[in-house]
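Presented below is the structure to which this report refers.
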Amino acid sequence: MAETKILVVAVDFGSSGAGYAFSFAYQYKNNPLDICTSLWNNGNGPVQAKVPAVLLFDPDKKFHSFGFEAEDKYEELMNANKAGQWYFLKGFKMQLYSAVNAGEDIRIDFELLDVGGKSISAKAVFSAAIGFLKDHFIQQMHWRKLGTVEDDIFWVVSVPAIWNDSAKQFMRESAEKVGIQGEKFSMVYEPEAASIYARLLPVDKLVGNNGAVLLEAFDPGRKFIVVDAGGGTVDISAQQVLENGEVKIIHKECGGPWGGECINQQFVKMLKELFGNEVMKQFKRNNGEDLLQLLRDFEVKKRNYRVEGKESVTIRMPFSLTELFLDIEGSDVATKIAISRFNATVRLKRDKLSIAGSLVETFFSETIKMIIDEVVSILKHERCSDVSAIMMAGGFSEADTLQHAIKRQFQSLEVFIPLDGSLAVLKGAVIYGHNPSIVSSRVCNYTYGIACSKIFDPSTHDPDKKWFLDGRELCKHLFEVLFEIDEEVHIGQTRKTEFTDTFLSDHMQIRRYEPLKCQFMVSTKKDPFYTTDESCMKHGSMILSPPNGMWPQITKGHVLLKIAGTELVGTYENEDSQEQTSVRFEFLPSTSKSPERKRLFDPFYLDI
């Protein structure tokens with residue numbers, strides 16, 4: 001077991017909720033499940049373990065508030081017609097995923113959109129979110145007079161397994177901006193954290209089909225799939241428990257933007273069809289507080305909807321919306337419903353909008369199909385053919401509709417949900433922080449390697465890639481593979497390759513004083529040949545400064561690539577001195593060069 005830290009604090013913020021959990025070394029040693037969570041109270045209901053993941057910035061783009069305080073202040077500003085110059089952020093975690101997925105360059109920073117469409121620095125938003133939770137925790141420790149100092153804290157941030165390295169690097173730099181340094185910071189994939197926590201639960205905390213207690217799924221040798229369904233993304237991980245209790249990842253992490261917010265999108269889509277785009281645009285612009293309340297009401301009803309009853313979902317319809325519809329369209333809403341395709345499934349009586357259960361289920365259908373198709377694809381892999389169970393975690397996993405569909409589709413597998421599944425990721429991240437080696441191996445999502453040049457071979461190399469250096473014929477743009485896609489790799493595993501350069505000719509002498517650049521590459525193919533192939537993408541650059549200000553005429557060394565948890569570490573090793581110098585990657589975006597950002601959904605749920 002790895003050496004534990006004095007105090008581990010895990011931070012989790014999703015598309016809808018944020019919070020933290022923590023435990024001291026003595027707690028972890030005596031009982032790994034002895035984990036404390038943050039507590040929040042909005043003054044209108046019970047204390048909650050998570051706070052809404054929303055931020056508010058003032059007109060000068062200075063951070064103002066987070067969570068309930070941000071919601072209350074923004075509602076106050078809207079009521080006073082003063083919200084226009086302020087910046088209210090929701091769904092910012094998914095905007096990061098969208099930006100990377102669209103090929104946007106996030107190395108330094110990029111722009112997020114607030115609910116009104118105004119742009120603001122993404123790094124400012126993420127740093128403020130992490131900084132708020134950090135400061136809140138430290139303040140709580142001071143109030144409790146526990147004598148905690150910041151140097152005692154090791155921070156863990158949970159991230160979606162489908163995030164690429166660019167997104168993770170962005171998170172690391174955002175944490176550094178608020179004083180969390182690299183040696184005190186780590187990331188863990190959300191589905192891995194969920195399973196780490198669930199495997200340690202007593203049997204009365206795990207409930208399977210028909211209420212049956214499940215224990216055998218976590219016996220050594222057992223394989224299972226974790227479906228971590230949050231508000232924005234669904235991460236799916238196939239895992240196996242080893243004899244020593246560690247976790248082995250047996251399939252590359254996968255998933256997609258199929259979280260609970262997709263259901264909200266379908267609800268909004270129905271409203272747009274009923275009321276029309278123009279009405280909804282004006283409603284969003286002029287009655288933002290009513291829109292927020294409408295979406296909150298649907299969120300509550302969505303969570304409580306039960307498949308077996310198929311009862312209608314009833315939501316209070318804001319008078320401002322029906323009045324606006326009458327002003328613009330010249331007719332009442334009930335008449336519009338009667339002539340629409342929803343005439344048999346939607347009813348409006350006074351201020352109550354009733355949606356038939358059959359229609360509510362269609363809100364879920366497309367999202368659930370995507371999740372099920374992904375699980376089916378994983379089960380077809382040879383390493384996953386003998387999976388015996390599915391564990392569901394995350395807030396969206398508590399939806400009865402999703403649970404019912406998973407159980408119906410995979411009747412031969414045991415499906416179970418930890419009773420506090422929405423906190424499984426957060427608490428599992430704390431355990432991981434104390435003992436990162438609990439995840440012993442993972443599977444590569446890509447083929448990783450470096451771009452290099454080698455002696456030109458006319459029988460295999462493209463003549464167009466021939467070039468000359470110091471009297472040698474070389475072939476450029478070759479892909480030197482270090483780790484292959486779908487390969488099982490172990491934490492700490494390192495591969496290396498030669499890194500040689502020469503400065504013999506007169507015109508190369510000037511370069512002896514310049515830094516060398518080693519380009520790391522990724523590919524979706526197992527055996528890429530050239531880095532210019534369609535499957536290949538730039539991943540990161542390692543910049544090496546000349547020793548003592550000048551490179552030897554013949555420079556020999558090695559480049560090492562190490563599996564370091566959820567990240568990769570590149571190192572240059574000097575062959576003469578054996579000295580190793582690790583260099584931080586300059587992560588690059590992937591795929592599209594289009595300047596347009598392809599967003600998965602509007603941060604205010606209204607893509608209009």
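The side-chain heavy atoms of I250 and C384, taken from C-beta on, include a pair separated by under 4.5 Å. Here the side chains of V159 and V157 are in contact, with some heavy-atom distance below 4.5 Å. The closest side-chain heavy-atom distance from K50 to D12 is below 4.5 Å. Between V54 and F66, every side-chain heavy-atom pair lies at or beyond the 4.5 Å cut-off. By the 4.5 Å heavy-atom criterion applied to side chains, V234 and V227 are counted as neighbours. For the pair I236/I225, a side-chain contact is recorded, criterion being any heavy-atom separation below 4.5 Å from C-beta on. Side-chain atoms of I35 and Y28, non-hydrogen and from C-beta on, never get closer than 4.5 Å to each other. In this structure, the side chains of H434 and K29 stay at 4.5 Å or more apart for every pair of heavy atoms.
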Derivation and outcome, side-chain contact (heavy atoms from CB on, under 4.5 Å), residues V125 and I120
CA-CA 8 Å; V125 171; I120 188 171; 3.9 Å; yes
Stepwise ring pair (Phe, Tyr, Trp, His ring centres under 6.0 Å) check, H136 with Y20:
CA-CA 10 Å; H136 188 276; Y20 59 79; 5.7 Å; yes
Evaluation steps, side-chain hydrogen bond (donor to acceptor under 3.5 Å, both in side chains), between H251 and S237:
CA-CA 7 Å; H251 190 279; S237 173; over 6 Å; no
Determine, stepwise, if the pair I180 / E176 fulfils side-chain contact (heavy atoms from CB on, under 4.5 Å).
CA-CA 5 Å; I180 300 177; E176 289 177 349; over 6 Å; no
Run R383 and V443 through side-chain contact (heavy atoms from CB on, under 4.5 Å) and show every step you take.
CA-CA 11 Å; R383 287 199 294 264; V443 173; 3.6 Å; yes
Criterion side-chain hydrogen bond (donor to acceptor under 3.5 Å, both in side chains) on K168 and Y189, from CA distance to verdict:
CA-CA 10 Å; K168 288 183 288 185; Y189 289 133; 2.8 Å; yes
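Sparse packing is recorded around CD of E382, with 12 or fewer heavy atoms of other residues, nucleotides or ligands lying under 6.0 Å away. Summarising the local packing, CG of N548 is surrounded by 12 or fewer heavy atoms from other residues, nucleotides or ligands at distances under 6.0 Å. Atom NZ of K562 is surrounded by 12 or fewer heavy atoms from other residues, nucleotides or ligands within 6.0 Å. Residue-environment remark: CD (E498) stays at or below the threshold of 12 foreign heavy atoms within 6.0 Å. Within a 6.0 Å sphere centred on NZ of K252, other residues, nucleotides and ligands contribute 12 heavy atoms or fewer.
Atom CE of M391 and atom CD1 of I406 lie 13.0 Å apart (nearest 0.5 Å). Rounded to the nearest 0.5 Å, atoms CG (D235) and CD (E190) are 5.5 Å apart.
Distance alone, capped at 3.5 Å, places no donor-acceptor pair between the K248 side chain and the V241 backbone. Judged by distance alone, the side chain of R495 and the main-chain N or O of L482 form a donor-acceptor pair under 3.5 Å. Although no hydrogens or angles enter the test, the distance criterion places a donor-acceptor pair under 3.5 Å between the side chain of Q27 and the main chain of F24. Of the possible polar contacts, none joining the Q48 side chain to the W40 backbone as a donor-acceptor pair under 3.5 Å is found. The closest donor-acceptor contact from the side chain of S195 to the backbone of E192 lies under 3.5 Å.
Ion pair R296/E71 flagged as a salt bridge, since at least one NZ, NE, NH1 or NH2 atom sits closer than 4.0 Å to an Asp/Glu carboxylate oxygen. The residues R172 and E183 are annotated as not salt-bridged, no charged nitrogen and carboxylate oxygen being separated by less than 4.0 angstrom. Using a 4.0 Å cut-off between charged nitrogen and carboxylate oxygen, E150 and K134 count as a salt-bridge pair. Ion pairing of K177 with E173 is absent here, as no side-chain N (NZ or NE/NH1/NH2) approaches a carboxylate O to less than 4.0 Å.
Ring geometry for F126 versus F170: interplanar angle over 60°, hence perpendicular rather than tilted (30 to 60°).
Between the side chains of H381 and D486, a donor-acceptor pair is found at a separation under 3.5 Å. In the model, Q519 has a side-chain atom that pairs as donor or acceptor with a side-chain atom of S541 under 3.5 Å. A donor and an acceptor atom, one from each side chain of H558 and T497, are nowhere located under 3.5 Å apart.
Partner of F22 under the ring pair (Phe, Tyr, Trp, His ring centres under 6.0 Å) criterion, out of F137, F154, W155: F137 alone.
Aromatic pair F57/F88: ring centres not closer than 6.0 Å. Here the two rings, on Y448 and F483, have centers that are 6.0 Å apart or farther.
Applying the side chain to side chain donor-acceptor pair (under 3.5 Å) test to S174 and every residue at least two apart in sequence or in another chain returns nothing.
In plain terms, the two heavy atoms of S23 and D34 that are nearest each other are CB-O, 3.5 Å.
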